[in-house]
There are 2 protein chains.
Amino acid sequence: MAKGEVTRKRILDIAQDAVLAKGFDATSIDEIVAGAEITKSGFFYHFRDKNALARAMIERHIEFEDQLFDDLSHRAAELADDPLQRALIWMKLLAELLDDMPGGHPGCVVATAVYQDRLFDQGVREANRRAVEGWRKRFRGMFAAAAAEYPPREAVDLDDLADALCAIIEGAIMISRAVGEPRVTARQVMTLRSYVKLLFSPKVS
Amino acid sequence: MAKGEVTRKRILDIAQDAVLAKGFDATSIDEIVAGAEITKSGFFYHFRDKNALARAMIERHIEFEDQLFDDLSHRAAELADDPLQRALIWMKLLAELLDDMPGGHPGCVVATAVYQDRLFDQGVREANRRAVEGWRKRFRGMFAAAAAEYPPREAVDLDDLADALCAIIEGAIMISRAVGEPRVTARQVMTLRSYVKLLFSPKVS
DNA sequence: CCCGAAACCACACCGTGGGTACAGCACCAT
DNA sequence: ATGGTGCTGTACCCACGGTGTGGTTTCGGG
């Protein structure tokens, strides 16, 4: 890795920690600069402004999370052939993962940016849109496979169901932070899992 | 109403308009001062800092929303005696209300504060915790009444179910803002409604 | 071994925004 | 007439994002 990329990565690492802990607005460039042991000029050499930093962070986060979700899918596929079972296992694995985070989910960079989106330019907003649409597509695929095998008991739009998973995760992170209960996020994933189970389980039990 | 209270209310009104339109951080005190036709000193006479303004706005918002939710409960109670039906009607009414907002839900003050630590102090965070706990209590009560009549098909913690409603609303607001689809919020309320319906409906259909 | 580009540093400076400090004035009630 | 309430006006401070310019180190390729 070239020297420039190392510094760039260090800046992103420092920034990510600070942003997840305190929010984007609360993280000053001076602070990042001090943490990464560079100068302000050095920072602006790598990122033309704070927007560029935000965009880079979001894109990196999407990449990381994609890999993590792919990993969960892979493990779920190993444990079951049935698409519904796979979806249920996937959600259980996610819940376990969330529960293992001692301080709760560190908070979503995307959500952070969404709630402060007036601070950011069009590029950041676009990055955010792509992130959410990526989740929607992924979750929809998972539920669509289940729906193909098991007719849902209630008429439900698959995009809505995918959004529900996304929404409940994001919402749970918010609640968990607001009330200071880290485990809320995992519990909410399990709550939605219970819905998926009910929705796709055969009518005659 | 005393002269001071009139001015105070005017400041809050102006601030609320600006904040709902552009977000809290994008709304400067100078701007509020200009809108309310007072001076900066006048502003700081009424609010010691921006935190005090935020706290006042959140408390006012909670009050407003409480009244709105009470109203929905009242209307639902008029339309049905059955607690499950009441809950379902309540959620439908909420969805309709959300759908009637042309630009989508303006965004939750509580959520923004969760993601901004420097901008808001401990007092604001406390107000937020109270808000979320208030929702939990309210929603739990609604679902508990339904659960008393109809044994849930799946084991579910009522606090979790209450949180799910709260989470899905907050999460949906985030998604709706990220992808620019105002109707997402209402659709998500309806999605959770479908869960509630399935969860509490009698086993033999 | 040297050159040139990439990767910084040092420093000075600007505008905006939150916030402070304090003196004073107008109005109203007692 | 007097004292509190509700402001105005002015001057000022600091943090932060951001710009600009000129200089210096580092390092790989010819």
Side-chain angles (χ1 to χ4, degrees), chain A residues 1-19 21-58 112-113 116-125, chain B residues 1-19 21-58 109 112-113 115-125:
Chain A
M1 186 153 48
K3 197 191 169 197
E5 279 183 51
V6 175
T7 307
R8 196 187 145 91
K9 188 182 173 300
R10 199 167 68 245
I11 294 174
L12 282 171
D13 286 339
I14 297 282
Q16 191 162 12
D17 283 350
V19 167
K22 313 185 301 172
F24 199 85
D25 183 63
T27 305
S28 71
I29 293 178
D30 285 339
E31 183 188 342
I32 296 167
V33 155
E37 289 177 320
I38 50 167
T39 61
K40 216 171 171 183
S41 312
F43 174 87
F44 283 105
Y45 174 80
H46 288 285
F47 303 96
R48 70 188 324 242
D49 56 21
K50 226 184 173 188
N51 282 300
L53 175 70
R55 213 154 48 234
M57 284 177 64
I58 292 169
T112 307
Q116 297 170 48
D117 67 350
R118 266 83 187 181
L119 270 175
F120 303 114
D121 63 9
Q122 197 57 39
V124 177
R125 271 183 288 245
Chain B
M1 189 154 45
K3 197 190 171 197
E5 280 184 53
V6 175
T7 308
R8 195 187 145 89
K9 188 182 174 299
R10 198 167 70 245
I11 294 173
L12 281 171
D13 287 338
I14 297 282
Q16 190 161 13
D17 283 351
V19 167
K22 312 186 300 173
F24 195 84
D25 45 306
T27 304
S28 71
I29 294 178
D30 285 341
E31 184 187 341
I32 296 167
V33 155
E37 288 176 321
I38 51 166
T39 61
K40 215 172 169 182
S41 313
F43 174 86
F44 284 105
Y45 174 80
H46 287 285
F47 303 96
R48 70 189 327 240
D49 55 21
K50 227 185 171 185
N51 281 301
L53 176 70
R55 213 155 47 235
M57 285 176 69
I58 290 170
V109 208
T112 57
Y115 284 103
Q116 292 177 307
D117 264 22
R118 191 202 60 185
L119 212 48
F120 303 109
D121 65 8
Q122 196 58 39
V124 177
R125 275 185 288 250

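Small disclaimer: the values here were computed from a predicted structure and weren't measured. When reading the values below, keep in mind they use all heavy atoms of this one structure, side chains included, and skip hydrogens, waters and symmetry mates.
For the side chain to side chain donor-acceptor pair (under 3.5 Å) with A/Asp13, the lone residue among A/Gln16, A/Arg10, A/Lys9 that qualifies is A/Lys9.
Here A/Thr39 lies in heavy-atom contact (under 4.0 Å) with a base. If you check every strand for non-hydrogen atoms under 4.0 Å, A/Gly4 touches sugar and phosphate atoms only. Residue-level contact check: B/Arg8 touches neither bases nor backbone, having no heavy atom under 4.0 Å from any strand.
The separation between B/Phe47 atom CZ and D/dC7 atom C1' is 14 Å, rounded to whole Å. Distance, A/Leu53 CG to D/dC16 P: 16 Å, rounded to whole Å. If you take CZ of A/Arg48 and C1' of D/dG20, they are 15 Å apart, rounded to a whole angstrom. Between the NZ atom of A/Lys40 and the P atom of D/dG20 there is a distance of 14 Å, given to the nearest Å. Atom CG in B/Asp30 sits roughly 15 Å away from atom P in D/dT10 (whole-Å rounding). Between the OH atom of B/Tyr45 and the C1' atom of D/dT8 there is a distance of 13 Å, rounded to whole Å. Here D/dG6 presents its C1' atom at 17 Å from CZ of B/Phe44, a figure rounded to the nearest Å. The nearest whole Å value for the distance from the CD1 atom in B/Ile38 to the P atom in D/dG9 is 12 Å.
Shortest non-hydrogen contact noted between B/Ile11 and B/Leu53 is CG2-CD1, 4.3 Å. Of all the heavy atoms in A/Lys50 and A/Phe24, the pair that sits closest is NZ-O, 3.2 Å. Residues B/Glu31 and B/Ala18 come closest through the heavy atom pair OE2-CB, 4.0 Å. B/His46 approaches B/Arg8 most closely through the heavy-atom pair O-NH1, 3.7 Å.
Bounding nucleotides for the chain A contact on DNA chain C, 5' to 3', at a heavy-atom distance below 4.0 Å, are C/dA6 to C/dC11.
Proximity note for B/Ser41 (side chain, C-beta onward) versus D/dG20, D/dT10, D/dG18: the nearest is D/dT10.
Taking 4.5 Å as the limit, some side-chain heavy atom of B/Phe44 sits within range of a side-chain heavy atom of B/Lys40.
Going from atom CG of B/Asp30 over to atom OG1 of B/Thr39 covers 11.0 Å, rounded to the nearest 0.5 Å. The CZ atom of A/Phe43 sits 4.5 Å away from the CD1 atom of A/Ile29 when rounded to the nearest 0.5 Å.
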Could I get a table of every N or O pair under 3.5 Å where one atom is in the protein and the other is in nucleotides 25-30 of chain D?
none

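The shortest distance between the side-chain N/O atoms of B/Thr7 and the OP1/OP2 oxygens of D/dC7 is below 4.0 Å.
B/Asp49 contributes a side-chain N or O that, together with a main-chain N or O of B/Ala52, makes up a donor-acceptor pair within less than 3.5 Å.
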